[in-house]
Amino acid sequence: MSASLLPFLSNISTSSPPFSLSLKSSSSSFSLPFQRVKLFRSTAEASFFVTVKAMAELVKDKESGVAAAGTTEGGKLDVEHSRTFLDARSDEEVLSGIKKEVEAGRLPPNVAAGMEEFFRNYKNAVFQSGVSAAAEIVLSNMAILLDLVLLDVEDPFVFQPYHKALREPFDYYMFGQNYIRPLVDFRNSYVGNLSLFYEIEEKLKQGHNVVLISNHQTEADPAVIALLLEKTNPHIAENLIYVAGDRVITDPLCKPFSMGRNLICVYSKKHMYDVPELADTKRKANIRSLKEMAMLLRTGSKLVWIAPSGGRDRPDPVTGECYPAPFDSSSVDNMRRLIESSGAPGHMYPLTLLCHNIMPPPSQVEKEIGERRIIGFHGTGLSVAPEIVAAGEKSEEGKDVYTQALYKSVTEQYNVLKSAIHGKQGLEASTEGVALSQPWN
């Protein structure tokens, strides 16, 4: 998670260097094996949870499989992995374990402080949900997350320009789903225009590429998208590729979630000059990522998510209202050109997310890694509108008109979701252009 899955394609071109662009079935027993755990849905509160014992076995698999998987630079861990968090059997043991790891020199104090805050905020949010197994869910999910963070501090994972979600020997995708699931109030969550998600899946089956031009609310966006579509459109949920900024692949508390997503990894233009002497290296890395994306699109059947606003939506400083941030026309146009030059049919759909209250970002963009994380239990929304085709003219004015058409659609869908969730209108908030449903019921 970290400064979010910040997707930026502003200032990208196919000919120039500049290229800008985070996770259980309810039971009280710790005996569920963690593989691709079967999803049980008896109520809207149903949640996955994984046993700490099973996690311990998978960490062993991860340690023994590091060299074969080629996922780290070091090959094997230099030190034996601490079981502090896997052995914890209470909240107190988790929190004291954080202090223990700092004292042992295995955990940097700033990471430890983030861990403790994360734990307390996650616990409050899950208990707010009213789910009967809240204590077990918090302990299990947080023990796993903190262990994964510690494991990465010991032996950092290095993301490639194109990162494929790690599903084995440890399933990071399902971990991310199981972690965010208790934060989603499914009774007050909605999907807009479900039929269009089926349309998108059909186009992918035909070899077409599809780009979702979206607003960006929180670090939890990928999990929210997947959770709301996992029952009806699992192919989209699991195969979506996110254009992701460098913050989510460098923040220790975010990396475990990012490892479970398909990513095109880039450096955002907002942070390009945080360290001036690294700017040129970042540009070169972005060129490699751009080439990876172009090659992926040439194979067809690719689904890409990008937020051309260049970052997360932030509340208005006066009203406190959160609203989709404006889109950058150069970002939209560069994505359009990548699609058109791929050789495969391509489509661009406006997608809207509303999930700000689950994990709101800082009020302002922060330079340093390690933002404070506020976590809540809340209703969420996801909607897609019909494809918008760019007009033939490629002038600057034409690019702006096309971008504004996409943005207008996103904001219109956002208003419908907002009425349904924040306005408590539910399914009655549906309009002629946005038909709301709850496909998990």
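Predicted model, so just to flag it, every value in this text is computed and none were measured. Below, each value reflects all heavy atoms present in this structure, side chains not excepted, and no hydrogens, waters or symmetry copies. In what follows, residues are counted from 1 in the order of the sequence shown.
The shortest side-chain heavy-atom distance between L240 and L212 falls under the 4.5 Å cut-off. Under the 4.5 Å side-chain criterion, counting only non-hydrogen atoms from C-beta, Y242 is not in contact with D221. Looking only at side-chain heavy atoms (C-beta outward), P161 and K291 stay at 4.5 Å or farther from each other. Put simply, the side chain of V304 does not reach to within 4.5 Å of the side chain of V210, judged on heavy atoms. Counting heavy atoms from C-beta outward, P308 and T403 have side chains that stay 4.5 Å or more apart. The shortest distance between side-chain heavy atoms of H356 and P361 falls below 4.5 Å. Using a 4.5 Å heavy-atom cutoff, the side chains of L145 and N141 are not in contact. Contact annotation: the side chain of E230 approaches that of R181 to within less than 4.5 Å [non-hydrogen atoms, C-beta and beyond].
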Next item on the list: Apply the test side-chain contact (heavy atoms from CB on, under 4.5 Å) to residues Y179 and M142: give CA-CA distance (whole Å), side-chain angles for both, the deciding distance (0.1 Å), then the verdict.
Entry: CA-CA 8 Å; Y179 189 93; M142 285 305 306; 3.0 Å; yes
Item checked: side-chain contact (heavy atoms from CB on, under 4.5 Å) evaluation trace for L436 with L417 -> CA-CA 8 Å; L436 298 177; L417 293 173; 3.9 Å; yes
Margin query: As a quick check of understanding, evaluate side-chain contact (heavy atoms from CB on, under 4.5 Å) for V102 and K99, giving each step before the final call.
Written below: CA-CA 5 Å; V102 173; K99 294 181 175 63; 5.7 Å; no
Item checked: Audit row: I98, L107, side-chain contact (heavy atoms from CB on, under 4.5 Å) steps and yes/no -> CA-CA 8 Å; I98 295 173; L107 197 60; 4.2 Å; yes
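Closest non-hydrogen pair, N193 versus V384, comes out as ND2-O, 2.7 Å. Between R187 and F377 the shortest heavy-atom distance is NH2-CZ, 4.1 Å. Of all heavy-atom pairs spanning N178 and Y122, the tightest one is O-OH, 4.4 Å. Closest non-hydrogen pair, D316 versus V318, comes out as OD1-N, 2.7 Å. Of all heavy-atom pairs spanning L303 and I200, the tightest one is CD1-CG2, 4.1 Å. Taking all atoms of both residues into account, the shortest heavy-atom contact from C355 to Q217 is N-OE1, 3.0 Å.
One finds the CG atom of L139 at 9.5 Å from the CD1 atom of I144 (value rounded to the nearest 0.5 Å). Note that CG of D91 is 3.5 Å distant from CZ of F119, once rounded to the nearest 0.5 Å. With values rounded to the nearest 0.5 angstrom, Q438 atom CD is found 5.0 Å from Y190 atom OH. Put simply, NE2 on H163 and CG on N262 are 7.5 Å apart, with the number rounded to the nearest 0.5 Å. Put simply, CD1 on I388 and OH on Y349 are 11.0 Å apart, with the number rounded to the nearest 0.5 Å. E117 contributes atom CD, which lies 8.0 Å from atom CD1 of I374 (distance to the nearest 0.5 angstrom).
Looking at residues two or more places apart in sequence or on another chain, you find no side chain to side chain donor-acceptor pair (under 3.5 Å) involving N357. Residues passing the side-chain contact (heavy atoms from CB on, under 4.5 Å) test with D333 are R336, R337, K399, sequence neighbours excluded. With sequence neighbours left out, D313 forms a salt bridge (Lys or Arg N to Asp or Glu O under 4.0 Å) with no residue at all. Qualifying ring pair (Phe, Tyr, Trp, His ring centres under 6.0 Å) partners for Y402, counting only residues two or more places apart in sequence or in other chains: none. Take T299 and apply the side chain to side chain donor-acceptor pair (under 3.5 Å) test, not counting sequence neighbours, and it matches K302. Residues satisfying the salt bridge (Lys or Arg N to Asp or Glu O under 4.0 Å) test with R120, not counting sequence neighbours, are E116. Remark: E101 engages R106 in a salt bridge (Lys or Arg N to Asp or Glu O under 4.0 Å) (not counting sequence neighbours).
No hydrogens or angles considered: a donor-acceptor pair under 3.5 Å links the side chains of D147 and H81.
Judged purely by atom type and a 3.5 angstrom limit, S214 has no side-chain atom pairing as donor or acceptor with the backbone of T352. In this structure, the side chain of S129 engages the main chain of V126 through a donor-acceptor pair within 3.5 Å. Between the side chain of S258 and the backbone N or O of V248 there is at least one donor-acceptor pair closer than 3.5 Å. Side-chain atoms of S140 do not come within 3.5 Å of backbone N or O of E136 as any donor-acceptor pair. Counting only distance, with no hydrogens or angles, the side chain of N188 and the backbone of I421 share no donor-acceptor pair below 3.5 Å.
For the side-chain hydrogen bond (donor to acceptor under 3.5 Å, both in side chains) condition, the pairs that include at least one residue of residues 378-387, sequence neighbours left out, are S189-T380, H347-E387, S383-Q413. Within the structure, the salt bridge (Lys or Arg N to Asp or Glu O under 4.0 Å) test picks out the following pairs touching residues 190-212 (sequence neighbours left out): E202-K205. Sorted by first then second residue, the salt bridge (Lys or Arg N to Asp or Glu O under 4.0 Å) pairs that include residues 414-427, not counting sequence neighbours, are E321-K418. For residues 348-357, no pair satisfies salt bridge (Lys or Arg N to Asp or Glu O under 4.0 Å), with sequence neighbours left out. Sorted by first and then second residue, the pairs that involve residues 306-337 and meet ring-ring contact (aromatic ring centres under 6.0 Å, His included), not counting sequence neighbours, are Y323-Y414, F327-Y407.
Using a 30° and 60° split on the angle between ring planes, F159 and F157 fall in the perpendicular class, above 60°.
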